[in-house]
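Please read the structure below before turning to the comments.
Because only heavy atoms are used, hydrogens play no part in the values below, and waters and symmetry mates are left out as well, while side chains stay in.
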Amino acid sequence: MASLSYIVYVLASLLNPVNFFLYGHHSQYTGSSNSSIEHDDQYKVALFVFGDSLFEAGNNGYLANVTTELDAAIAWPYGETFFPYPTGRFSDGRIVPDFIAKYAKLPMLPPYLQPGPHDFTDGCNFASAGAGVLVQTNPGRSISLPAQLSFFKDVRKSLQQKLGGLKAKRVLREAVYLIGIGGDDYFDFYNDFPNATESLQLEAVAVVVGNLSIILQEIYDSGGRKFAFQNAEPLGCIPYRRQEHNSIEGCVEGLNSLARLHNTALVSVLKELESQLLGFKYSIFDYYNSLDDRLRNPAKYGFTNATYACCGTGLFRAAYCGGDNGTKPYELCNDVGDYLWFDGSHTTEIANIPIAELIWSGTPNVTGPYNVKQLFQQVSAY
């Protein structure tokens, strides 16, 4: 697995400037999804989702002592557009993993903690709002990535008991593992060290990405081979963070710097894992630049507002969407379709759809070296 010293070395070598040409020429990229090996129709490919609030489908609503103050998405107006009731998703409707599942001809994946029977041959969603790669990020209020990994290992045992060893191994080997996490680790770091030097930022990123690589190794050892990542967005441009840090004129550059360093390290570590682990394949969606372009050019994407949230209160209407289940005042926009942001940290359903499409079938300059459609079509030989 990637060592922390290796990650720091790679980051330092790329700092001037930070490299955003993420993929370069990749020997395994086929150029077209049509040239990928397709699965036999009798076999479906599962989708396992790990992450934070961007990917959560409702797990936090089942945590002990949950309140609407800790988990606003279990209350109105979250979910109003599609469901139309709150499901624990941090949007007015569906989120990116819902659309990825749809494109893969899978049902909408329930949260892992939802009571009742689960068909784990379809996959499962372990994501949790506030979750970090590190266990010390938002403890007691979220399900950290190591805890999500523990849930996944329980699913593995369940599949083995239900299907037998060989069939369970095939399900896990052919599955796609969709991962989007890290922002909350950097929010915590920045709150503690707002004036951190570049060297200290590098150390923080090395710890986060180093721990992420350990988790990936464990998923690989459990049978996973195909990994899809959404990289870190421009964290300092999120309305809630601008409001929190009173950044009226622009984004919080310290947070954006951490996101860029993380994304550079992520590419380097995945390339190293690919070279070390037989059959390891990956996809990275460049969420940073995709979201940045929407922030700079909202009209290009059909939005009239990319600065304020549709729902909330404060300078950018970025806090207390839902008003703690209606106990606090908040504003709700008239037409959510005009807005990039539903609340102060999460995009609207109408914004999530083209993002999911880029993850699914984007070209290598946006999603590569494989896109997620190609990962679903690939047959893992090892």
Side-chain angles (χ1 to χ4, degrees), residues 4 7-22 51-54 129-139 141-142 144-145 180-212 229-269 284 286-296 306-309 312 314-319 340-341 343-347:
L4 297 187
I7 298 166
V8 172
Y9 168 79
V10 169
L11 281 168
S13 69
L14 294 173
L15 270 176
N16 194 15
V18 174
N19 176 23
F20 273 106
F21 294 95
L22 296 182
D52 54 28
S53 60
L54 299 184
V133 174
L134 309 178
V135 293
Q136 60 264 38
T137 298
N138 295 321
R141 298 178 56 177
S142 63
S144 68
L145 188 59
I181 199 165
D184 286 286
D185 298 297
Y186 298 123
F187 295 144
D188 277 8
F189 173 81
Y190 186 80
N191 286 339
D192 291 338
F193 304 100
N195 299 311
T197 63
E198 192 172 81
S199 176
L200 189 57
Q201 287 187 338
L202 279 168
E203 290 181 23
V205 169
V207 171
V208 171
V209 178
N211 276 272
L212 176 59
F229 295 85
Q230 176 173 282
N231 73 10
E233 70 267 43
L235 299 172
C237 299
I238 295 171
Y240 180 80
R241 300 303 159 180
R242 291 184 63 192
Q243 184 167 306
E244 179 185 34
H245 297 288
N246 199 32
S247 185
I248 299 172
E249 298 300 325
C251 301
V252 182
E253 177 51 34
L255 286 171
N256 281 358
S257 175
L258 286 164
R260 291 192 296 267
L261 292 175
H262 171 88
N263 293 343
T264 301
L266 179 63
V267 173
S268 299
V269 166
I284 307 177
D286 185 7
Y287 191 35
Y288 188 102
N289 284 309
S290 295
L291 187 60
D292 184 64
D293 194 41
R294 286 161 171 77
L295 290 166
R296 295 176 185 273
T307 302
Y308 293 81
L315 180 63
F316 297 112
R317 203 154 58 197
L340 175 64
W341 301 99
D343 68 10
S345 301
H346 307 95
T347 46

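- For residues 182-194, no pair satisfies salt bridge (Lys or Arg N to Asp or Glu O under 4.0 Å), with sequence neighbours left out.
- In this structure, Val133 and Val208 approach most closely via the heavy-atom pair CG1-O, 3.4 Å.
- In this structure a side-chain-to-backbone donor-acceptor pair under 3.5 Å is present from Asp343 to His346.
- A distance-only check finds no donor-acceptor pair linking the side chain of Arg317 to the backbone of Gly344 [under 3.5 Å].
- How far CD of Glu203 is from CG of Leu261: 12.0 Å, rounded to the nearest 0.5 Å.
- Here the closest non-hydrogen pair linking Gly130 and Asn138 is O-ND2, 2.8 Å.
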Run the side chain to side chain contact (heavy atoms under 4.5 Å, CB included) check on Phe187 and Thr137 step by step: do they pass?
CA-CA 9 Å; Phe187 295 144; Thr137 298; over 6 Å; no
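- The side chain to side chain contact (heavy atoms under 4.5 Å, CB included) check on Leu315 picks up Gln243, Asn246, Ile248, with sequence neighbours excluded.
- With hydrogens and angles disregarded, no donor-acceptor distance shorter than 3.5 Å links the side chain of Asp293 to the backbone of Asn289.
- The two atoms that bring Ala232 and Tyr288 nearest to each other are O-CB, 3.3 Å, heavy atoms only.
- Under a 3.5 Å cut-off, the side chain of Trp341 and the backbone N or O of Ala306 do form a donor-acceptor pair.
- Checking side-chain atoms of Arg294 against main-chain N and O of Ser290 turns up a donor-acceptor pair under 3.5 Å.
- Between Glu253 and Arg260 there is a salt bridge, since at least one side-chain N of the basic residue sits less than 4.0 Å from a carboxylate O of the acidic one.
- Contact check for Leu200 versus Phe189: side-chain heavy atoms found under the 4.5 Å cut-off.
- Residues Val269 and Leu212 are not in side-chain contact: their nearest non-hydrogen atoms beyond the backbone lie 4.5 Å or more apart.
- Within the 3.5 Å criterion, the main-chain N or O of Asn263 finds no donor-acceptor partner in the side chain of Asn231.
- Heavy atoms only, all atoms of each residue included: Ala131 and Gly51 are closest at CB-O, 3.7 Å.
- The side-chain heavy atoms of Asn211 and Leu145, taken from C-beta on, include no pair separated by under 4.5 Å.
- Here Ala129 pairs with Ser53, Glu56, Asn60, Phe90 under the side chain to side chain contact (heavy atoms under 4.5 Å, CB included) rule; sequence neighbours left out.
- Scanning for side-chain hydrogen bond (donor to acceptor under 3.5 Å, both in side chains) contacts around Tyr186 gives His262, with sequence neighbours left out.
- Scanning for side-chain hydrogen bond (donor to acceptor under 3.5 Å, both in side chains) contacts around Asp292 gives Arg296, with sequence neighbours left out.
- Looking at every heavy atom in both residues, Tyr240 comes nearest to Ser345 through CB-OG, 3.5 Å.
- The two residues Cys237 and Leu295 come nearest to each other via the heavy atoms CB-CD1, 3.6 Å.
- Contact annotation: the side chain of His245 approaches that of Asn191 to within less than 4.5 Å [non-hydrogen atoms, C-beta and beyond].
- Note that CZ of Arg242 is 12.5 Å distant from CG of Leu255, once rounded to the nearest 0.5 Å.
- Scanning for ring pair (Phe, Tyr, Trp, His ring centres under 6.0 Å) contacts around Tyr308 gives Phe316, with sequence neighbours left out.
- Partners of Ser144 under the side-chain hydrogen bond (donor to acceptor under 3.5 Å, both in side chains) rule, at least two apart in sequence or in another chain, do not exist in this structure.
- Checked against side-chain hydrogen bond (donor to acceptor under 3.5 Å, both in side chains), Ser247 has no partners two or more places apart in sequence or in another chain.
- Under the ring pair (Phe, Tyr, Trp, His ring centres under 6.0 Å) criterion, Phe229 pairs with no residue at all, not counting sequence neighbours.
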